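Notes for the one structure printed next.
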Amino acid sequence: MSQVARARTSARQYLPESKLDDLASSLRRLANHRGLVRSEIASPMLLRLLPPPRRVEEKQYEADLRQRLTDANLDGPRIAYLMADAEREIAVAHTRLSG
């Protein structure tokens, strides 16, 4: 296997995990944002995957969120949709606080 082929294989293997980490980060930020109003989230998929605000120990919270995302068996387009939706909701939550 050539070095280029190995790099492409490595990149493909890295990408889904990386995107899941990015999604987990966005969901954490949204779930713990002071301006969030859960009842106003328009996306049922986002609402279903959104964790509760962090009230437990950090490692357990991270493990629970990771398990929730793994169990959802998300493909690339769904991860991209959820990332964009989470970022929009974070912007809305921020706007609520800043007036």
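Worth knowing before you read on, the calculation uses all heavy atoms, side chains too, and leaves out hydrogens, waters and symmetry mates. Please read all numbers here as calculations on a predicted model, not as lab measurements.
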Q) Roughly how far, to the nearest 0.5 Å, is CD of E89 from CG of L46? A) 6.0 Å
Q.
How close do N32 and R28 get, counting heavy atoms only, and between which atoms?
A. ND2-O, 2.9 Å
(Q) Restricting to side-chain contact (heavy atoms from CB on, under 4.5 Å), what partner residues turn up for A31, sequence neighbours left out? (A) R38, L50, P51, Y61
Q. A72: what forms a side-chain contact (heavy atoms from CB on, under 4.5 Å) with it, not counting sequence neighbours?
A. L49, L74
(Q) Would you compute the distance between atom CZ of R88 and atom OG of S26 and round it to the nearest 0.5 angstrom? (A) 12.0 Å
Q | Charged N-O contact under 4.0 Å between R68 and D71 | A | no
Q: To the nearest 0.5 Å, tell me how far E57 CD sits from D64 CG.
A: 10.5 Å
Q.
Which heavy atom of L69 sits nearest to which heavy atom of L20, and what is that distance?
A. CD1-O, 4.0 Å
Q | 4.5 Å side-chain heavy-atom contact, R29 and E87 | A | yes
Using atom types as modelled, flag every donor-acceptor pair under 3.5 Å from a side chain in residues 90-99 to any protein atom, sequence neighbours excluded.
residue : atom : partner : partner atom : Å
T95     : OG1  : A91     : O            : 2.9
R96     : NH1  : G35     : O            : 3.0
R96     : NH2  : E40     : OE1          : 2.7
S98     : OG   : H94     : O            : 3.1

Q) Side-chain heavy atoms under 4.5 angstrom apart, residues restricted to Ile, Leu, Val, Met, Phe, Trp, Tyr: same cluster for L47 and M45? A) yes
